[in-house]
Amino acid sequence: MELNQYSVVLVNLDPTLGSEIKKTRPCVIISPDEMNHYLRTIVIAPMTSKSKDYPTRVKIKQNNKEGWIVLDQIRTIDKQRIIKVFENLNKKEIEKVKLVIKETFVD
């Protein structure tokens with residue numbers, strides 16, 4: 001299974017605690033390919049179908065469904081949690097994700 005940055009993957013996020021996003025759901029791989037290809041862990045941002053328009057959420061459309069990438073819940077997971085690999089984000093979505101990550105964690 002090839003895991004690349006900005007791919008959408010189906011991940012089992014359970015067990016969780018408190019307000020962490022739970023269940024099996026799509027997530028976006030955030031970690032760079034150099035890490036994804038050599039480490040047993042990857043960094044992901046979960047997705048949800050319902051959200052408010054928070055500055056740390058990126059609205060996208062995948063499989064004709066609208067959803068949100070939840071960049072305020074980025075986490076590292078073991079690759080064993082990945083069930084399936086879907087398509088990649090498009091260029092516009094990738095640029096928005098990069099911008100929100102930079103605004104949130106770098107500046």
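What's counted below: heavy atoms across the whole structure, side chains too, no hydrogens, waters or symmetry copies.
K50 approaches W68 most closely through the heavy-atom pair C-CD1, 4.2 Å. T16 approaches L13 most closely through the heavy-atom pair CG2-O, 3.1 Å. Scanning both residues, V97 and Y6, for their nearest heavy atoms gives CG1-CE2, 4.1 Å. Of all heavy-atom pairs between C27 and P46, the closest is SG-CA, 3.6 Å.
Remark: R81 engages no residue in a salt bridge (charged side-chain N to carboxylate O under 4.0 Å, His left out) (not counting sequence neighbours). Scored by the side chain to side chain donor-acceptor pair (under 3.5 Å) test, Q80 finds D78 as partners (sequence neighbours excluded). Under the rule for a side-chain contact (heavy atoms from CB on, under 4.5 Å), the partners of L99 that lie at least two apart in sequence or sit in another chain are E103. For T76, the side-chain contact (heavy atoms from CB on, under 4.5 Å) test picks out T41, V43, with sequence neighbours left out. Taking K79 as the reference, nothing meets the salt bridge (charged side-chain N to carboxylate O under 4.0 Å, His left out) condition, with sequence neighbours excluded.
When atom types are taken as modelled, the side chain of Q5 and the backbone of I30 share a donor-acceptor pair closer than 3.5 angstrom. Between the side chain of N4 and the main chain of S7, no donor-acceptor pair closer than 3.5 Å is present. Distance alone, capped at 3.5 Å, is enough to place a donor-acceptor pair between the Q73 side chain and the S19 backbone.
A distance of 4.5 Å separates NE2 in H37 from CD in E2, rounded to the nearest 0.5 Å. With values rounded to the nearest 0.5 angstrom, K61 atom NZ is found 15.0 Å from L89 atom CG. Expressed to the nearest 0.5 Å, how far OG of S31 lies from CG of N36 amounts to 3.5 Å. For the atom pair CD1 (I21) and CD1 (I44), the distance works out to 8.5 Å, reported to the nearest 0.5 Å. Interatomic distance, CG of N12 versus CD1 of I83, reported as 5.5 Å (0.5 Å rounding).
Side-chain atoms of I42 and I82, non-hydrogen and from C-beta on, do get closer than 4.5 Å to each other. Between I69 and K96, every side-chain heavy-atom pair lies at or beyond the 4.5 Å cut-off. Looking at T56 and V70, their side chains never come closer than 4.5 Å, going by heavy atoms from C-beta outward.
A single hydrophobic cluster is seen to contain both M1 and V11, as judged by linkage of ILVMFWY side chains at heavy-atom distances under 4.5 Å, directly or through other members. No single ILVMFWY cluster, assembled from side-chain heavy atoms under 4.5 Å apart, contains both I29 and I74. Linking Ile, Leu, Val, Met, Phe, Trp and Tyr whenever their side-chain heavy atoms come within less than 4.5 Å leaves L3 and V8 in two separate clusters. Hydrophobic clustering of Ile, Leu, Val, Met, Phe, Trp and Tyr side chains at less than 4.5 Å, counting indirect connections, unites V28 with I101.
Atom CZ of F86 sits in a crowded spot, with more than 12 heavy atoms from other residues, nucleotides or ligands closer than 6.0 Å.
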Legend entry - Test log, rule side-chain contact (heavy atoms from CB on, under 4.5 Å), inputs L71 and V58: CA-CA 8 Å; L71 294 170; V58 175; 3.7 Å; yes
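Note on residues 9-28: no pairs pass salt bridge (charged side-chain N to carboxylate O under 4.0 Å, His left out), not counting sequence neighbours.
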